[in-house]
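Because only heavy atoms are used, hydrogens play no part in the values below, and waters and symmetry mates are left out as well, while side chains stay in.
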Amino acid sequence: MSETDPGFIAAVEEARQGFAEGGVPIGACLVSKDGKIIGRGHNMRVQKGSATLHAEISALENSGRLPASAYAGATMYTSLSPCDMCTGSCILYKVARVVIGENKTFVGGEDYLKQRGIEVVVLENEECKELMRKFIEEKPHVW
């Protein structure tokens with residue numbers, strides 16, 4: 001897993017889009033076990049006034065209603081460590097791997113994912129860190 005994976009590139013593109021829209025710059029992309037992007041999205045809490053539309057949830061929502069087998073063994077790429085809700089969604093949908101852009105700004109349920117047998121990869125991506133730093137600096141009241 002690397003920063004050049006199409007799923008990670010898509011997650012970062014989504015994070016950039018969220019930032020450009022004035023929202024929280026977190027993006028995610030769900031890639032099937034055979035390497036196809038099946039859903040991508042970004043945090044829409046600000047844009048839609050939603051309490052639950054985090055990036056990972058947005059990616060799942062944008063994948064449409066698929067059979068459970070479509071999610072099993074998939075990889076969730078996310079620009080920031082997933083919160084408890086998003087961690088739970090990865091477990092519920094039997095995602096096999098979560099690739100995280102950065103976890104210095106926030107550390108979510110990484111240990112729980114590992115306890116549940118899900119591979120966790122942290123890339124420490126500088127662009128992901130910088131997007132979050134700028135967002136928190138510009139909009140601390142939202143963060």
Side-chain angles (χ1 to χ4, degrees), residues 1-33 35-66 68 70-143:
M1 301 292 99
S2 76
E3 295 176 7
T4 60
D5 291 353
F8 184 70
I9 291 168
V12 174
E13 288 171 354
E14 290 288 339
R16 284 186 208 123
Q17 183 176 345
F19 185 81
E21 293 171 355
V24 184
I26 304 170
C29 181
L30 186 62
V31 176
S32 68
K33 61 185 165 197
K36 294 181 183 169
I37 291 176
I38 56 176
R40 57 187 280 176
H42 55 278
N43 187 300
M44 297 289 288
R45 288 182 24 222
V46 172
Q47 299 91 316
K48 294 203 175 195
S50 171
T52 59
L53 201 47
H54 292 195
E56 298 87 345
I57 303 302
S58 181
L60 285 163
E61 179 71 19
N62 290 332
S63 70
R65 183 154 173 78
L66 300 172
Y71 304 106
T75 298
M76 178 68 79
Y77 292 87
T78 181
S79 61
L80 185 67
S81 185
C83 73
D84 289 345
M85 177 178 67
C86 296
T87 292
S89 294
C90 289
I91 293 166
L92 177 69
Y93 286 98
K94 297 181 177 24
V95 167
R97 179 182 308 107
V98 177
V99 179
I100 299 165
E102 71 106 340
N103 67 357
K104 297 301 182 217
T105 304
F106 174 81
V107 177
E110 295 173 33
D111 287 340
Y112 188 48
L113 288 167
K114 291 174 190 174
Q115 288 172 6
R116 295 297 299 263
I118 296 172
E119 179 184 359
V120 174
V121 178
V122 180
L123 299 176
E124 295 301 344
N125 178 270
E126 291 303 320
E127 182 176 3
C128 292
K129 291 178 193 177
E130 182 59 17
L131 277 168
M132 289 305 299
R133 187 199 63 73
K134 274 179 69 174
F135 174 77
I136 293 168
E137 181 181 293
E138 293 175 12
K139 298 182 180 185
H141 59 287
V142 177
W143 178 245

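- For the pair Tyr112/Asp84, no side-chain contact is recorded, criterion being any heavy-atom separation below 4.5 Å from C-beta on.
- Contact detail for Met76 and Val95: the closest heavy-atom pair is N-CG1, 3.8 Å.
- Listed here is the closest heavy atom pair of Ala72 and Lys33: O-CD, 3.7 Å.
- Remark: Arg133 CZ is packed, more than 12 non-hydrogen atoms of other residues, nucleotides or ligands lying under 6.0 Å away.
- A 4.5 Å side-chain heavy-atom check between Ile26 and Met132 finds at least one atom pair inside the cut-off.
- Taking the side chain as every heavy atom from C-beta outward, Ile57 and Thr52 never approach each other to under 4.5 Å.
- The CG atom of Asn125 lies 11.5 Å from the CG atom of Leu80; values are rounded to the nearest 0.5 Å.
- Counting only N and O atoms by type, the side chains of Glu21 and Gln17 include a donor and acceptor under 3.5 Å apart.
- Inter-residue side-chain proximity for Asp5 and Val99 is flagged as unmet; no heavy-atom pair is nearer than 4.5 Å.
- At least one side-chain heavy atom of Ile100 sits under 4.5 Å from a side-chain heavy atom of Pro82.
- Heavy atoms only, all atoms of each residue included: Thr78 and Phe8 are closest at O-CE1, 4.4 Å.
- Within the 4.5 Å cutoff, the side chain of Glu14 has no heavy atoms near those of the Tyr77 side chain.
- Smallest separation of non-hydrogen atoms from Ile37 and Val31: CG1-CG2, 4.0 Å.
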